[in-house]
Amino acid sequence: MAKKRTIRSIPQQRTPVGEQDPHERARNFAEVNHGYHRDDAVRESERCLFCEDPACVAGCPVGIDIPGFIRKIGEGDFRGAYQVITDTNLLPAICGRVCPQENQCEGPCAVGAALEPVAIGRLERWVGDQAIAEKWFKVPPIERNAFRIGIVGSGPAGMACAADMAKAGCDVTVYEAFHQAGGVLKYGIPDFRLPNEVVDAEIANLTALGVKFECNTLVGRLFTIEQMVTELGFDAVFIGTGAGYPRLLNIPGDALNGVLSANELLTRCNLMRARDAGHDTPMPMGRRVAVVGSGNTAMDALRVARRLGAEDVRCIYRRTEAESPARAEELHHAAEEGVQFHWLTHPIEILGDDRGNVRAVRCIRMSLGEPDDSGRRSPVPVPGSEHDLEVDLVVYAIGTNANPIIGQTSGLALDRRGYIACDDDLATSLAGVYAGGDIVTGAATVIEAMGAGRRAARSMKAYLGLRDTDVVYRDARPAAADLLFGLDPAERNFVRVRATRPPGPRPS
Amino acid sequence: MPEGSRFEIVSREDFSDATFLLEIRHPMMARAARPGQFVIVMSHEHGERIPLTLADFDRARGTITLVIQAVGKTTREMQQGCRVGDYLYGVVGPMGVPSHVAGVRKAAVVGGGLGVAPIYPQARGLKEQGAYVVGILGFRNRDLIFWEDKFRACCDELIICTDDGSAGIKGLVTEGIRRTMEVHPDLDQVVAIGPPVMMKACAEATRPAKIKTIVSLNPVMVDGTGMCGGCRVTIGQKVKFACVDGPDFDGHEVDFEDLQVRLRRYVEDEKAALERWQGQCRMDHHPN
């Protein structure tokens, strides 16, 4: 450590990670990526330049002290590395697996300018896995207070918010509509990317912090948000119900049997375990499957279909690979597993047989025209290029609209698209009620949802007049937290009580 | 983690060799439930999630009531296995938009087959809101009749229809609707719950007179919270999700062809599952 590292002195090659053979893994649900071994992790840690002004930290939605934890790995203090990560992120085993690191921490990594960037995600995952295996999680000293916090939804946003509020000493209850906690981490992300045991291990940590999980509880219908802050006596509420309501293409044939949303396919497979013997949920499976869309959910659906035995798995996307929203790694893995990509192709009709089952999807070729609002070149149909692809299952993975339940059952102000309207502190139009994650922003990533959960937790603490027990107070390490929350350090202990505001559009 | 296993069965009643009632303790749901809503039940940890319309809810007793027809593997397993004092693994609800029972002056509530029980909360709700309520219930024969007294208590008139004429009038519920429309030309709402063919026939019966007809749709669901889209139905050319946009829809707008096709989606899987299970039962390897 004595000599300062330079781009020349560090190991030039990124430490590779073992993966299951593509032919083998296309038939099982075991994890694709084996993860680092100890020696791999130590070697990779030597590639970090410990930049003075680390761009990786700025790129992380929750501002993990990345050089800090990598330094600990290099020093052999693995438990210390876990401490550094969990100062800001309680769920490293999850984030290390599912974060799009290439756009976040690894994207701006200084090493990446000349060589391959430091494999921050793999290191984070390794630390997280060590912590689970070695049971490193320790309940910090918590000074209990009398505040009760209700959290709606047990996905990444709810989990992150619950952790922060429990650490602050509050009595936290998380409500989940499904029979198991974990939200999208359980029903959405397949086991070969994120095993359910990892999610359960992280949930067990939250339980150890004193967080209570109440499953089988549909908030809005069993009781309303308003009832939570009145009759049920919650001092503050966080809503992290996630994206819902899958979009369909609204083309002829949408109603046929064999057309379903990626959410349905994934839920049946991942949460309901329809693929396993002894589980009663039926699995809609086809021999030839087409998935419409090219995001991470589409990749999950394609790869699940492959593992469930589909011989022919096609991805249909109206733009090109370059515009595809899926992570490069996911696209690569899907292709390795035998997924065929039909770029610049768009379905215009789904054709059925006389029994109402899908038999083919009629597509049209597209070409790229002028850039649209999103900055991507918008696809234009090529006349006369219609063609049929013979399939028996069509899966839509083209995004979601806002879930309507909270809107139907509460007076909370919604935005134009039906998502919950929030200010910069993630406060909703109802005093003491905060919201974050996909139900505020529309579909985003796991780590962004976690970031929102933490941001809301900070606002809730301010609202309740709680001194923030977050670790950033302990030492002079303000950059990460302050970047994320955009707070002036002097304002940290500021006690604020939000005035009741009637529902309806907020004054701008 | 307190997952499931806290939904106690407090009473059970068998109406026939296929139909049985379970009363489940859930004080919070008993308080929240409104007519027209449904629950999703998971009988055991490896079970499937099945949507069931609430047949009753009793705020004083703190219970909800489900009437179940044993037709597939899960429901037959429940028929065999569910005893008073047992716990169901998961019960979540009340789900769906409650029915509009306010402001109706004269209504006919129509229940056929598995729709008889779920129409009861509507009959009672309409009565509580001051409507004149005609109950029209269809059964195959007199031996299958249940809850006649409950319906009599909240209906101003009750017409029982049986396929073989062994009780009430001989014929389908549509015959009951026809007679009601004759006697009550001022009928302003019909609510029909039952198999899709029956609901379709009811909607057709009232279409010429343009009487508002509400049907309750119960397609295949997984989560019941609008997340999977498995329960999508076509209503007036638009796709809706029965779980969060319904389950009540305007019967004159519903595309019943679509609904029936979609309900057949898992028929083969269900048949196979049932056969496997029955095979297991015969081999006497089944727990319970």
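Just the heavy atoms: all of them, side chains too, but no hydrogens, waters or symmetry mates, feed the values below. Quantities reported herein were computed from a predicted structural model and do not represent experimental measurements. Letters A, B, ... mirror the listed sequences (proteins, then strands); counts begin at 1.
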Asks: Find out whether B/Val92 and A/Phe178 are in side-chain contact, i.e. whether some heavy atom of one side chain is under 4.5 Å from a heavy atom of the other.
Replies: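 A side-chain contact under 4.5 Å is absent here.
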
Asks: Is the shortest side-chain heavy-atom distance between A/Leu222 and B/Arg31 below 4.5 Å?
Replies: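 No - every pair of side-chain heavy atoms lies 4.5 Å or more apart.
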
Asks: B/Asp258 versus chain A, heavy atoms under 4.5 Å apart: side chain, backbone, both or neither?
Replies: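 Only the side chain of B/Asp258 comes within 4.5 Å of chain A.
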
Asks: Sub-3.5 Å donor-acceptor pair from the side chain of A/Asn263 to the main-chain atoms of B/Met227, do we have one?
Replies: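 Checking the backbone N and O of B/Met227 against the side chain of A/Asn263, a donor-acceptor pair under 3.5 Å is found.
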
Asks: Is chain B contacted by the side chain of A/Leu248, its backbone, both, or neither, given a heavy-atom distance below 4.5 Å?
Replies: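 For A/Leu248, the side chain is the part near chain B, not the backbone.
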
Asks: For B/Met28, is it the side chain, the backbone, both or neither that has a heavy atom under 4.5 Å from a heavy atom of chain A?
Replies: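 Interface part for B/Met28: both.
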
Asks: For A/Tyr419, enumerate each residue passing the ring pair (Phe, Tyr, Trp, His ring centres under 6.0 Å) test, keeping only those at least two apart in sequence or located in another chain.
Replies: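 Partners of A/Tyr419 by the ring pair (Phe, Tyr, Trp, His ring centres under 6.0 Å) criterion come out as none, since no residue qualifies.
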
Asks: At a heavy-atom separation under 4.5 Å, does A/Leu256 approach chain B through its side chain, its backbone, both, or neither?
Replies: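 Only the backbone of A/Leu256 comes within 4.5 Å of chain B.
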
Asks: Quick one: which of B/Glu77, B/His46, B/Met42, B/Arg49 gives a side-chain contact (heavy atoms from CB on, under 4.5 Å) with A/Asp280?
Replies: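 Exactly one pass, corresponding to B/Glu77.
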
Asks: Flag the pair B/Cys231 / A/Glu264 as yes when at least one side-chain heavy-atom distance between them is below 4.5 Å, and no otherwise.
Replies: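 No, side chains not in contact.
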
Asks: Under 4.5 Å, counting heavy-atom pairs only, tell me which of A/Gly242, A/Gly356, A/Pro282 racks up the most with chain B.
Replies: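 When all of A/Gly242, A/Gly356, A/Pro282 are compared, A/Pro282 has the most.
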
Asks: Which bit of B/Val220 comes within less than 4.5 Å of chain A, counting heavy atoms only: side chain, backbone, both or neither?
Replies: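 For B/Val220, side-chain heavy atoms alone lie under 4.5 Å from chain A.
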
Asks: Counting only non-hydrogen atoms closer than 4.5 Å, does B/Thr225 touch chain A with its backbone (N, CA, C, O), its side chain (CB onward), both, or neither?
Replies: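 Looking at B/Thr225, backbone and side chain both touch chain A.
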
Asks: If I measure from the heavy atoms of chain A, does B/Val91 come under 4.5 Å with its side chain, its backbone, both, or neither?
Replies: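 Backbone only.
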
Asks: Tell me which pairs pass side chain to side chain donor-acceptor pair (under 3.5 Å) where either residue lies in residues 241-254 of chain A, with sequence neighbours left out.
Replies: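 Matches after skipping sequence neighbours: A/Tyr245-B/Asp245, A/Arg247-A/Asn401, A/Asp254-A/Tyr396.
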
Asks: Given that the side chain runs from C-beta out, which part of B/Gln37 has a heavy atom under 4.5 Å from chain A: side chain, backbone, both or neither?
Replies: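 Just its side chain gets close to chain A.
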
